[in-house]
Amino acid sequence: MYQTARVMIMDLKQNIQYLKGIGPQKSKALKKIGIENIYDLLTYYPKRYSDQSELTPISMVNAGTLVNITGRLLNIQEKVSRRGMKITTALLADDSATIQIIWFNQPFIKKTLKIGSNIFIRGKADYAYGGYGHMTINQVASYSVLENNEVECKFLPLYTLPETIKPKFFRQIISTVLTDLQKVPCALPLSIRTKYKLVDKKTALQYIHQPQNKDEITAARRMLIFEELFIMQCGLIYRRKINSQNRRGIRYLANSNLTNKLYQQLPFKLTIDQQNVWREICHDMESPIPMQRLLQGDVGSGKTVIALLALVKTIENGYQGALMAPTEILAKQHFVNFCRTLTKLDIKVGLLTGSLSSKEHEDALGKIATGEWQIIIGTHALIQDKVIFAKLGFVVTDEQHRFGIEQRARLETKASYTPDVLVMTATPIPRTMTLTVYGDLDISSIKHLPPGRKPIRTFLRTKSARDKIYKFVYQQINAGRQAYVVCPLIETSENIAAVSAEAVYEELTHTVFKNTSCALLHGKLNTKNKEQIMNDFFTNKIKLLVSTTVIEVGVNVPNASIMVIEGADRFGLAQLHQLRGRIGRGPYNSYCILLSDNKSDKSKQRLTLMEKVNDGFKLAEADLQLRGPGQFFGTMQHGLPDLKIADVLNDTDILLNARNEAEQWCHTQNNIAAIIETIKLQYKNNFFKIFDT
Ligand code: ADP
Ligand code: MG
């Protein structure tokens, strides 16, 4: 019996179903929380601990306080009250005194507690019925029977478990596995463990599940977090390495006839930041190692012109360039813009989106395959298998946060050699985030907006000011400007109490804006309609555009100078900032009005920040702190495995150390084989998905 158990446990990949006490049903329940084998079980960490280290002697228990006590069970009785309530009364003694413990309607208690055994109780104390100064604990928060030297008497680990798995049973299984545990593969080389004074993995696992004191929890967490972040960083570095070593890159020449021409045509001079970024990109392009660069810059900072320059340099060298945008509207807009500039340089630009007719689509595919189109702008349609480029040399993805790592990777593999890649994002990302989400990219930033911009003035108002606000919008439109009204929903919903674009459009077009040309824009319209509306807005035929967040990214209409955001509390700060970035693009005074009747402090605090802060980076950081990493990070994390214990926001110091060590280690060791085993154990296939592409 013991023999078989040992054999099972030595193999960490062994299915838990064969552990004693786990049948098909329990294993099904455990699978739901990601536990299939022994290793999964061991790395299913406690969410919290119930601190039993600070025990109160029974004689010191005070009424009204929450206490932890242990004592020997002297007596246990059950009786039924006149009203039929089952009352279990136990008497517990330690060296100092005795105390009464009471449970209501829990008849099974009497069966589980044996007279003479040691019991831990956490609960709230009160005067015993009848007074006399005696104490009783009649609100028991938790209790457990303590075996000899029971680990549970210190820190009781609390796990998030399905209902069918009892905590005690779970702890028991972990305890069994830990007892027989032999070696556990660890991704951290000894040298790193020594340098950072990290315990070995087996010890860490023991400490995390069965800590004797707080220090052990701390030591375990440090080691496990470090290892996890180290693995992740190695993975990302490895990905970049594969891309740059095993694949051939293009070495662009520095001759710059076409780019110079473009340069001269620009109606403005590049800012210092733009010049620096352009220099970095040229350097990358002229080196044989494939470029993989992230360009960060707030909305309106002028990233597009950088992409344009790089694409022209690509064409100049005889390659094709592609630009992938997250929405059709944006793709179309880039297309129109690019055509205007590039036809003068005799460069052929094409558009590929999902809404082309099948004939147009065929036609486009042909022109891409023959190389007739030199620059191709598109949406996700660009990464379909059917799309074959003649000679793809440069790939730009715009507003990257909408794409996952996998999608990015798919466009990169559309050539027999590795094209250079530029990823652009307006979501300002704190450094710790870039290291995790974009850990495989170099980073450039445009920190300052081009000169001469008038700051957008933002106001937070309640619905009571609505009439006044729309009157103001009306005046602005009469003065020649255009306006956006943004709503959180398309149509009114029974379940969500938020303003819908349809309702607002109905209302406004029948009241203040009866005689104004208005349009309603949302994601459910077909593309032709959407395009028509955007076009009419762009050419100033439409004055007021009621829409959902489809206008969020990239849309550029400099004459639009006012934006009303209905139900503003429904949006994240980063998103509001993106939305607001649609105005303030011309020489006019711009106004963004946030409407919200949400009275919670948190909501007010967030929206007030919008009034005060115009800098996207500062807002993003504030947003992170207010909303927590979950939401912020969640949407950007596509393609990366879920972290089991690390929290990239709180564990910043460890993250930076892990990043440095990973960089050195992957560099000198030149192989990742040693930690592949751990990666496979820890993340199964999830982690390799991002490599396979
Ligand atoms: P984003 O970074 O949000 O994509 P865009 O590239 O759309 O920003 O640029 C916003 C506006 O700023 C455009 O109208 C663009 O022509 C203008 N612009 C870009 N660079 C400069 C510059 N150096 N000086 C003045 N205006 C510029
Ligand atoms: Mg842009």
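All ligand and atom numbering here is 1-based and tracks the order in the structure. Keep in mind the model is a prediction, meaning the values are calculated, not measured. In what follows, every heavy atom counts, from backbone to side chain, and hydrogens, waters and symmetry copies are set aside.
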Under 3.5 Å, is there a donor on one side chain and an acceptor on the other for Gln476 and Arg481? no
Looking only at N/O atoms, are Pro450 and ligand 1 under 3.5 Å apart anywhere? no
Do we see a donor-acceptor contact under 3.5 Å between the side chains of Asn260 and Gln264? no
If we only consider heavy atoms of Gly297, is any one of them less than 4.0 Å away from an atom in ligand 1? no
Those atoms of ligand 1 less than 4.0 Å from some heavy atom in Thr271: 23 (N)
Output all residues satisfying side chain to side chain donor-acceptor pair (under 3.5 Å) with Asn535, sequence neighbours left out; order by chain, then residue number. none
In ligand 1, which numbered atoms sit nearer than 4.0 Å to a non-hydrogen atom of Lys269? 22 (C), 23 (N), 24 (N)
Sub-3.5 Å donor-acceptor pair from the side chain of Glu611 to the main-chain atoms of Leu460, do we have one? yes
Taking N or O atoms only and a 3.5 Å limit, does Gly302 qualify as a polar contact for ligand 1? yes
Yes or no: does Met424 have any heavy atom under 4.0 Å from an atom of ligand 1? no
Any atoms of ligand 1 less than 4.0 Å from a non-hydrogen atom of Thr304? List them with their elements. 4 (O), 5 (P), 6 (O), 7 (O)
Whether the side chain of Arg466 engages the backbone of Thr462 through a donor-acceptor N/O pair (distance < 3.5 Å, no angle test) should be reported. no
Could you walk me through whether Glu286 and Lys313 pass salt bridge (Lys or Arg N to Asp or Glu O under 4.0 Å), step by step? CA-CA 10 Å; Glu286 286 158 24; Lys313 189 178 172 81; 2.7 Å; yes
Check ligand 1 against Arg585 and write out every atom of the ligand that is under 4.0 Å from a heavy-atom position of the residue. 3 (O), 7 (O), 10 (C)
Donor-acceptor check, side chain of Ser301 to backbone of Leu449, threshold 3.5 angstrom: yes or no? no
Answer with side chain, backbone, both or neither: which part of Ile446 has a heavy atom less than 4.0 angstrom from an atom of ligand 1? neither
